[in-house]
Every structure is written in structure tokens, then in C-alpha cells.
Amino acid sequence: MTVEEEKEYWKLLKGYQGEIQFDQMCHYFLSSEPTVMEDITLQLGKSVTQIDQLIAEGTVLWIIDIKNYQGKYKYENNCWTINGSILSNNICEQLSRACRITQQILNQEGIKMTVKGVLVFINPHSEVKIVDSINELVLSSNQIPQWLMSLKKPRHSVAWQSAIENYRIPNYRTTRITTAEHFAKLKKGIRCPNCGSFATKKQHYHTLECSCGCFRVKEKAILRTISEYDIIRHDVSLKKKDIHEFIGKEYGLAYLETLLKKHFKRIGDTYCYENKGVSFDIWFDDKKEYLDSIESRIFWNRKD
């Protein structure tokens with residue numbers, strides 16, 4: 001990566017980590033299980049907006065904008081400052097715009113709900129001070145649990161979700177691609193999460209053992225590596241041969257084919273599979289329970 005690309009990468013990663021952390025807090029603190037929609041992009045006419053999360057409570061639809069920032073933030077004289085320096089952008093404007101567009105959508109669809117914005121500073125190392133009045137609800141990290149527990153079970157859950165889906169479009173995907181020359185230079189194989197190496201691993205029937213002594217479930221490790229491949233090569237369909245070369249030919253081709261048929265969607269009558277171009281956690285979110293259940297395989301081949 002260039003210096004600018006690396007900065008952008010860490011910025012996006014920090015934002016994603018903040019969203020994951022908020023999701024975890026929702027699962028833990030939401031007492032009445034309000035209806036939730038996550039990571040959606042809406043289009044109304046020529047206006048497009050991206051929303052981190054929607055939470056329905058009664059006749060209120062909360063739009064959540066998550067900021068994983070740190071530092072001392074203050075809102076005064078219609079502008080935001082961090083550590084005393086004025087920010088060039090108003091961090092509430094994106095949220096305000098999302099609220100306006102979503103409210104228009106609900107109005108057009110005849111859904112009688114009021115849209116309200118919540119600006120969430122999830123980083124515990126951030127301090128937030130609001131001097132002037134502000135339309136959005138602003139929460140610091142220590143205020144999030146209490147707010148989530150105060151939410152009540154929604155009404156209109158089916159109606160508002162259907163309305164939102166009518167205006168939902170695919171999430172943004174970059175048009176930048178990894179060239180064949182660049183891809184050829186990349187290190188291939190299954191990377192150990194413990195030591196970070198691509199060292200030779202000992203294969204058991206259900207697990208992989210790195211030279212550093214780290215054990216992993218083979219099925220999950222291969223699926224995660226396929227997800228890494230699909231992000232790098234997000235512009236192409238998944239092909240068994242290409243994936244086999246990426247993860248390493250020491251892993252059985254028949255086993256890889258079994259995993260592709262089990263976990264991926266085949267494209268028509270071809271031998272290609274759908275490439276969503278998203279991370280492992282997002283792609284396999286609906287299979288989280290299954291993937292958690294197979295973690296016990298780690299102990300099947302180990303001796304005390």
C-alpha cells in the first residue's frame with residue numbers, strides 16, 4: 001500500500017471495529033430485543049446515504065452513526081472541535097442527511113414513524129461535551145448501555161422494514177482491483193493468527209497445527225482464507241482451481257470442493273461461485289452458530 005492507502009485502511013478498520021463493538025453491546029444490553037437493521041445503503045431519487053444501524057422503538061426509528069474516535073470533542077458555535085482544534089467537517093451532517101432521507105422514505109410509504117439520529121462515540125478514550133443545542137442524541141461510551149436498556153419493543157416492525165427494503169441498494173464496492181502482477185507477488189497460504197506466519201502446518205483430520213503450536217479448526221481456517229481471497233479478488237467469481245492455488249496445494253482439492261458446495265452459492269450452470277467481496281465475519285454471519293459449534297474440534301486430535 002501507499003502511505004495514503006494505509007491511512008485509509010486503518011481509518012476504515014477502526015470504523016468497522018467500532019460497529020462490531022456496538023453490535024456486541026446491542027446483543028448484551030437490549031432488554032426487549034427491538035427490531036434492528038445493520039449496514040444498509042438507501043437511495044431516494046439521486047440521494048444516496050449509508051447507515052450503520054437502524055433500531056425501531058415504538059413509533060420512533062433511531063438512526064445510529066458510530067464514531068470510533070478518541071480525544072476531547074466539543075460542539076459549540078455550530079462547529080465541532082477536537083482537543084481545541086476546529087474540525088473541517090460537521091460530523092453530525094451525515095447523520096442529519098440520513099435522517100432526512102429516511103423520513104422522506106417512510107412518509108412516501110405511509111409509515112407513521114419519526115426518525116431520530118443518535119451519534120455514538122464508542123471509544124472509551126473519547127470525551128464529548130455539547131455546549132449548544134443539537135438535534136441529534138449524542139452518547140459517550142459510558143452512556144450507551146443505559147440508553148440501549150431503555151429502549152422498548154417496537155411496533156410497525158414489518159411495515160417499516162419493508163419500506164426500507166424498497167429503497168435499499170447494494171453497499172458500495174470499490175472499483176479498484178488487484179492486478180495480476182500485484183497478486184502474483186502476494187504471499188499465498190493459510191496465515192496463522194498467533195504468529196502471523198505461513199509456516200508449514202501439520203494437518204489432522206479436522207484441525208491444522210502451526211509450527212508455533214497454534215491449533216485451528218481446518219474448515220473455519222480455510223473459509224476465512226477464502227474470504228481473504230474474495231476481498232483481494234473481489235472483481236472475479238470464485239473458482240476452485242484459483243482458490244486451491246491461493247490456500248495451498250497441500251490441502252485436498254476434494255475437501256475444498258466440498259466446502260464450496262456447502263458454504264457458497266454456485267453461479268448458474270457454471271463451475272464458478274458467487275464472490276460477495278466482504279470479510280469473513282460479514283459473509284458468514286448467518287452461520288455463526290454453526291462455526292462456533294465446530295470450535296470443539298480443536299481438542300479432538302490433541303493429547304493432554
Side-chain angles (χ1 to χ4, degrees), residues 16 20 23 27 37-41 165 168-180 182-184 186-194 196-211 214-302:
Y16 174 69
I20 293 296
D23 289 343
H27 288 303
M37 291 181 72
E38 302 171 350
D39 189 25
I40 63 174
T41 303
E165 288 292 346
R168 190 170 186 175
I169 61 173
N171 289 349
Y172 169 78
R173 292 181 66 172
T174 180
T175 56
R176 298 177 62 183
I177 63 172
T178 303
T179 64
H182 189 182
F183 183 74
L186 299 180
K187 185 76 173 178
K188 310 300 192 298
I190 298 179
R191 184 174 180 272
C192 174
N194 183 54
S197 73
F198 294 84
T200 302
K201 301 172 179 65
K202 181 179 179 181
Q203 290 194 57
H204 304 284
Y205 189 73
H206 288 293
T207 60
L208 299 178
E209 181 184 1
C210 180
S211 56
C214 175
F215 278 82
R216 283 191 293 164
V217 176
K218 182 161 66 173
E219 180 176 353
K220 195 171 181 179
I222 291 178
L223 290 177
R224 186 175 289 278
T225 306
I226 293 175
S227 295
E228 293 170 355
Y229 172 85
D230 78 59
I231 291 176
I232 296 170
R233 303 299 308 276
H234 64 86
D235 57 314
V236 300
S237 301
L238 301 179
K239 297 179 181 179
K240 179 176 62 177
K241 179 183 176 182
D242 295 339
I243 295 173
H244 194 222
E245 292 178 354
F246 185 78
I247 67 174
K249 293 187 177 181
E250 65 269 30
Y251 302 100
L253 192 59
Y255 180 67
L256 174 60
E257 185 172 9
T258 299
L259 292 186
L260 288 171
K261 290 179 179 179
K262 181 179 180 180
H263 296 289
F264 296 84
K265 182 180 178 181
R266 191 170 171 179
I267 302 174
D269 296 327
T270 70
Y271 292 99
C272 302
Y273 293 85
E274 180 184 14
N275 184 353
K276 296 182 180 180
V278 297
S279 69
F280 173 83
D281 293 325
I282 295 175
W283 194 322
F284 296 99
D285 181 64
D286 60 340
K287 295 190 176 184
K288 187 176 185 302
E289 186 175 343
Y290 166 75
L291 293 172
D292 287 344
S293 71
I294 64 175
E295 282 293 335
S296 59
R297 295 178 185 176
I298 292 177
F299 304 101
W300 290 4
N301 300 106
R302 299 179 66 173

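Across all their heavy atoms, Asn275 and His234 have their closest contact at ND2-CA, 3.6 Å. The shortest heavy-atom contact between Ala221 and Leu208 is CB-CD1, 4.0 Å. Between Ser227 and Ser279, the closest heavy-atom pair is CB-C, 4.4 Å. Contact record, Met37 with Arg168: CE-NH1, 3.7 Å, taken as the closest heavy-atom pair. Across Lys239 and Cys272, no two heavy atoms sit closer than the pair CE-SG, 3.7 Å. Of all the heavy atoms in Leu256 and Lys240, the pair that sits closest is CD2-O, 3.6 Å.
Atom NZ of Lys220 sits about 5.5 Å away from atom CZ of Phe280, to the nearest 0.5 Å. Separation of atoms OG1 (Thr207) and NE2 (His204) is listed at 4.5 Å; rounding is to 0.5 Å. Rounded to the nearest 0.5 angstrom, Leu260 CG and Tyr273 OH are separated by 5.0 Å. A distance of 8.5 Å separates CD1 of Ile226 from CH2 of Trp283, quoted to the nearest 0.5 Å. Atom NZ in Lys287 sits 11.5 Å away from atom OG in Ser293 (nearest 0.5 Å). We find the OG-CZ distance between Ser211 and Phe198 to be 12.5 Å, quoted to the nearest 0.5 Å.
In this structure, the side chains of Ile177 and Val236 stay at 4.5 Å or more apart for every pair of heavy atoms. At a threshold of 4.5 Å between non-hydrogen side-chain atoms, the residues Ile298 and Arg216 do not count as touching. Taking 4.5 Å as the limit, some side-chain heavy atom of Gln203 sits within range of a side-chain heavy atom of Lys218.
When atom types are taken as modelled, the side chain of Asp230 and the backbone of Val278 share a donor-acceptor pair closer than 3.5 angstrom. Thr270 places a side-chain N or O within donor-acceptor distance of the main-chain N or O of Ile267, the cut-off being under 3.5 Å.
Around the NZ atom of Lys265, the shell of radius 6.0 Å holds no more than 12 heavy atoms that belong to other residues, nucleotides or ligands. Applying the 6.0 Å contact sphere to CD of Glu289 captures no more than 12 heavy atoms from other residues, nucleotides or ligands. The environment of Tyr255 atom OH is dense: over 12 non-hydrogen atoms of other residues, nucleotides or ligands sit within 6.0 angstrom. Annotation: Lys262, atom NZ; neighbour count of heavy atoms from other residues, nucleotides and ligands within 6.0 Å is above 12.
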Check step by step if side-chain contact (heavy atoms from CB on, under 4.5 Å) holds for Leu291 and Leu223. CA-CA 10 Å; Leu291 293 172; Leu223 290 177; 4.1 Å; yes
Could you go through Thr179 and His182, starting from their C-alpha distance and side-chain angles, then the distance that decides it, and tell me whether this counts as side-chain contact (heavy atoms from CB on, under 4.5 Å)? CA-CA 5 Å; Thr179 64; His182 189 182; 3.3 Å; yes
After noting the C-alpha distance and the side-chain angles of Ile243 and Phe264, does the key distance pass the side-chain contact (heavy atoms from CB on, under 4.5 Å) rule? CA-CA 13 Å; Ile243 295 173; Phe264 296 84; over 6 Å; no
Could you go step by step and tell me if Leu238 and Tyr229 meet the side-chain contact (heavy atoms from CB on, under 4.5 Å) rule? CA-CA 9 Å; Leu238 301 179; Tyr229 172 85; 3.8 Å; yes
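Each of Arg233, Lys188, Lys241 was scored for a side-chain contact (heavy atoms from CB on, under 4.5 Å) with Phe246, with one residue passing: Lys188.
Ring geometry for His263 against Tyr290 counts as tilted: the plane angle lies between 30° and 60°, on a 0 to 90° scale.
A salt bridge is absent between Arg224 and Glu228; no separation between the charged side-chain nitrogens and carboxylate oxygens falls under 4.0 Å. Between Arg266 and Glu274 there is no salt bridge, since no side-chain N of the basic residue sits under 4.0 Å from a carboxylate O of the acidic one.
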